Amino acid sequence: MSQDIRTILKKAFPAAIVEQEAETEDYLEVRPGEWFEIATFLHDTPELKFDSLQCITGVDWGPEAHLEVRYNLHSMEHKHKLEIRIVLDRTAPEVPSVEKIWRVADWFEREVYDMYGIVFTGHRNLRRILLPDDWVGWPLRKDYETPETYHGIVVPKIKEEWE
Amino acid sequence: MVLNIGPQHPSTHGVLRLKVKTDGEIVSEITPIIGYLHRCFEKHCENLSYEQVIPYTDRCDYIASMNNNFGYVVAVEELMGIEVPERVEYIRVIMAELNRIASHLLALGTYGLDIGAFTPFLYMFRDRERILDLFEMTCGARLLYNYMWVGGLSHDLPVGFVEAAYDFLDYFEPQVKEYNDLLTYNKIFIERTADIGVLPAEVAINYGVTGPNLRGSGVAWDLRKAEPYSVYDRFEFDIPVGKGLVGSVGDCWDRYWVRVQEMLESVKIIRQALQKMPSEGDVHAALPKKVRPPKGSIYKRTESPRGDLGYYIISSGKPVPFRIKMRSPAFTALCVLDEIARGWMISDVLAILGSLDIVLGEIDR
Amino acid sequence: MFENLTSLEWLLWLILAGLLLFGLMAVNALAAVYAERKLSAFMQDRLGPMGQGAGFHAGKWGMLQTVADALKLILKEDIIPRAADRRLFIIAPYIIFIGAFIAIAALPFSEYIQVIDINLGIFYLLAVCSLGVVGLITAGWASDNKWSLYGALRSAAQIVSYEIPAALSIIVVVMLTSTLDLQGIIRSQEGVIWGILPNWIIFNNPFAFLAFFIYFISGVAETNRTPFDIPEAESELVAGFHTEYSGMRWAFFFLSEYANMFIVCGIATVAFLGGWQSPVPGFMDSGAWGLFWFFGKVLFLIFVMIWFRWTFPRLRVDQLMGVAWKVLLPLALLNIFGVGLWSLYIG
C-alpha cells in the first residue's frame, strides 16, 4: 500500500485510524465507529476510488482475544489495493455495514455474520446465508462447540487432534 | 405467486433454490437461497495441514479443480516465499488453461441446455472428455485432481503428454466453429440471449462480479494480465470483452461469447507454454519438507474460469493454517442475479442464471 | 357402406377398428420413440440404445429399448399426489388421449383404408385436434403443482394461438380443392403440374407452398415440440403439465404426444403432399402402394420434427406468441387473399 492513501485517510479521519508501530505493513487498522464514513470516502474520493470490494474475512483470535474483520479493497481504475482491519470486541461485535456502498458486501457480510456472529449495523437483510436459519452458534469462532444433534440428526464426532 | 425454483430443478446447476415472486410469467423478485452444499470448507481448513487442504480446494469448484489448486498453492507459496522450478510453472499453466477450456465447455453446454438446445451440450461434453483424458493421463483423476502441490506437482508429465496435448489443440480449434454454427449464431439462441439480463460495467464492479461475466460487460480485466502470477506474463494473449455484437454490451449473449473466445485464447496460451516449457526438470525439487509458513497473512487472487478466486490465508506459524477464507467468484456472481434478472420472465431468469456460470460447490463451500 | 350393417356388426366393426387404431398408436409411439432416440444419438455423435452382447438386453441395436420402456411404465407404481384433484387428475390423460384417438380415426391411410370417411373430414380433424388442450389444462390444474399450472396455461395459450394460422392455411387447401372431404382433397391432387411436379397442393402455387410451411410450423407448435416446447420446457418448468404424472398415466401423455405428431404430419400429408398419391403419377400407384406412400410421407415429416428438436433451442413464451400472431397469422391471411386472386386470374 502506498503511503499516500494512508496520509490522505489520516488527514480526513484523524481519530479513526489506529496508529501502527510498523508503518510498512500492508494494511490499515481503523476503529469501527467511523467505518461507514471512511468506506464512503474510500469509494467516492476520485484519487482513491476503491470501487471494488474483493473480500471480507472474519477472524477470531481465540476465546480470550478479540474478533476482527478484514476488508480487501481494490481500485479498478488506479489499480491499487488496500486492506482494512477492524478489531472488534468479542462480547458485542458490531461494525457498520458497507452493504450500501459496495453491494457485494451484502452477501459477504451475511457470511461473516453467519460464521462469527459479527453484527453489521445498518445491513438491510442480515440473516444467515450458508447455514439454516435456526442454526445455533457461530461455527468459525474458535470456541465453537459442535452440537450433538441437529433436528434429531446426530452430528458425527470429529476425531480429536486431527492433523 | 411465489415459486420455488429448486433445490431440485433441472437448470439450477447444483443445489440452489431461488425463491421467485412472479406475476404471471414476469418475475418481480428473486431471493437465492444457498447453503445446501455447505461442507464447512473453512472450518475444515483450520484442522488440516496446509497440504491436506489442497484436496478440499478441489471439491469447492469441482468443474475447475486445477484452477482452485493453482490459486491455493500460489497463495501459500507466496506466503512462504518459495521459488518454484520453471517447468512446474509451465505445467501448471498448461493444466490450468486446459481446465479453463473444460470448464467453459461445460458452462456453454449447460447454457445451451438451459435455452433448450440439447445437441451442443453433448458436442461440448465429447470434447471435454478429451481434456479429462489428458488429465487422467497426467494424474490419474478425471475430476478432482489434487495435482498441484505447494512447491511442485504430484506427478511429472507422462511420456507422450505433449504430443497428446498438441493433438487435442489441433482437434479442438476447428470445433469452436461448429459450436458457433450450432449455437452461438443461431437465430433463436440470439433471440433468447441478446439484450437479456444486461449487466452494466459499474454494477458489475460494485457487485464484485469478475471473470468472464465482468469481461462480458466490456471491462478488460483479467488477473492473468493485470496482476500476472506464475508465468502468465510470458505469454501473448488477448482479453476478449463483450462488444454487444448482437445486442447491448453486458447481455447474456456477450457473457456467453466471451467464454467462447476465451477458449481460443487458452488454446493460444497452451501452445506457447508447450513450446517454451523446459523439457527437463524435477517437479519435486522445491517441495518443502514441512509446509510451515511464517506468521502473517496474505490475500492472493488468481483468475479461475469463473473469475477472481481469492484465498485469504492467515498463518500463525504452525503447520495448520489459522484461517483460510476463500473468496469465490461464483458467490459474487450469484449475488447480482436479483439485480439483473428482476422484471424478466421465468425463462429469462434461467437464461441469466445460466449465463453467470455458477458452481454451487464453490458458492456454498 | 355402414347403412347395411346390423347393429351387432356395427359394434364389432367399431371395436375392431378401435383396437387396430390403438395398435397403430402404440406402434407409432414405440417406433417414433426409438427413431427419436437413435436419430438424436446420431445427431449428437452417440450410439443411442444398443444391445449389450449376447442375451436379451434391449435387442440388437437396442430395438427392444422402447418395448422395455413401455413395460417399465406399465409396471410402475401409480402415484397420485395427495393434494391433487383426484378425479380430474385421473381423467386428464384420457381426455388428451381421446382427442388424439378420434382424430386418427379420420385419417385416410390409403385409398381404401380409412376408419371413418366423413365428408367434413378436414374440418373434423382441425376441430378434434384442439380437444387435447382441454386435457392439458385439466392435467395442469388437477396436479396442484405450480409448474404444472404454468405448463398448462402456456400450452393453452400456445395451442389456441397456433390453431388459427394452422386452420387458415388449411383454408387455402379447401379453396383450391373445393371440398372438405379428405379423400376428395387427395383425389384432386392427382396428375402432374408445371410439367414434371406432381399435382400436389404444395406445388400448386406459391401461396400454397407458403401455406404448407405455415401449417407445418403451427403443427410443430401444436404438438409442443422444440423449438415450441415451452409448456413442458424441461429446463424451466421441470416437465410442465405432466410434472406430477408417472407410470401408465404419464405414458398416455407420451402416447398422445406421438400420436399428435402423427396426426399433424398426416394432415399435412393429406392436405399438401397428395396423401397416398405417388410422387410420380402412375408409378407404384396401385392400392397397397398408397399405404406405403402415405406412411412414407408422414414418417418423413416426423423425421423433420425430430430433426428440429435436436437442432434448435427453445423460444420464450412471448416470442412464441409473437411468431404466431405477428408473423404466421398475417402471412396466413395474406395467403388466403393471394390464393383467391390466383384462382381467379391464373389458376
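No experiment lies behind these values; they were computed from the predicted model shown. Every chain is numbered from 1, with letters handed out A, B, ... down the list of sequences. Just so it is clear, the values below take in all heavy atoms, side chains as well, and ignore hydrogens, waters and symmetry mates.
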Quiz item: In this structure, are over 12 heavy atoms from other groups packed under 6.0 Å from C:Arg46 atom CZ?
Solution: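 Result for CZ/C:Arg46: enclosed.
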Exercise. For C:Phe300, look at atom CZ and say whether over 12 heavy atoms of other residues, nucleotides or ligands are found less than 6.0 Å away.
Key: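 12 or below, so no.
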Value rounded to 0.5 Å, distance of [atom1] in [X] from [atom2] in [Y]:
X	Y	atom1	atom2	value
C:Phe312	B:Lys187	CZ	NZ	12.0 Å
B:Ile346	C:Lys146	CD1	NZ	11.0 Å
C:Leu315	B:Glu191	CG	CD	7.5 Å
C:Leu320	B:Ser347	CG	OG	10.0 Å
C:Leu149	B:Met1	CG	CE	5.5 Å

Is [X] close to chain C through its backbone or its side chain, or both, or neither, when contacts mean heavy atoms under 4.5 Å?
X	answer
B:Tyr123	side chain
B:Leu183	side chain
B:Ile196	side chain

Quiz item: Between C:Gln319, C:Arg309, C:Met43, which residue shows the highest count of heavy-atom pairs closer than 4.5 Å to chain B?
Solution: C:Gln319
Self-check item: Non-hydrogen atoms of B:Leu182 and C:Thr311 that approach each other most closely
Solution: CD1-CG2, 4.4 Å
Self-check item: Which atom of B:Arg192 lies closest to which atom of C:Arg316, heavy atoms considered
Solution: CD-N, 3.4 Å
Quiz item: chain C: which of B:Glu25, B:Gln8, B:Arg126 shares the most heavy-atom pairs with it under 4.5 Å?
Solution: B:Glu25
Quiz item: Hey, which of B:Leu3, B:Leu122, B:Thr119, B:Asp348 has the most heavy atom pairs under 4.5 Å with chain C?
Solution: B:Thr119
Quiz prompt | Beyond-backbone contact of C:Arg314 with B:Ile115, side-chain heavy atoms, under 4.5 angstrom | solution =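 They are not in contact (no side-chain heavy atoms under 4.5 Å apart), so the answer is no.
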Practice problem: Please state whether the side chain, the backbone, both or neither of C:Gln44 comes within less than 4.5 Å of a heavy atom of chain B. | Solution: both
Practice problem: Just say parallel, tilted or perpendicular for the rings of C:Trp310 and B:Phe118, cut-offs at 30° and 60°. | Solution: perpendicular
Practice problem: Begin from the C-alpha positions of C:Trp147 and B:Ile5 and carry the test side-chain contact (heavy atoms from CB on, under 4.5 Å) through to its verdict. | Solution: CA-CA 10 Å; C:Trp147 299 116; B:Ile5 304 183; 3.6 Å; yes
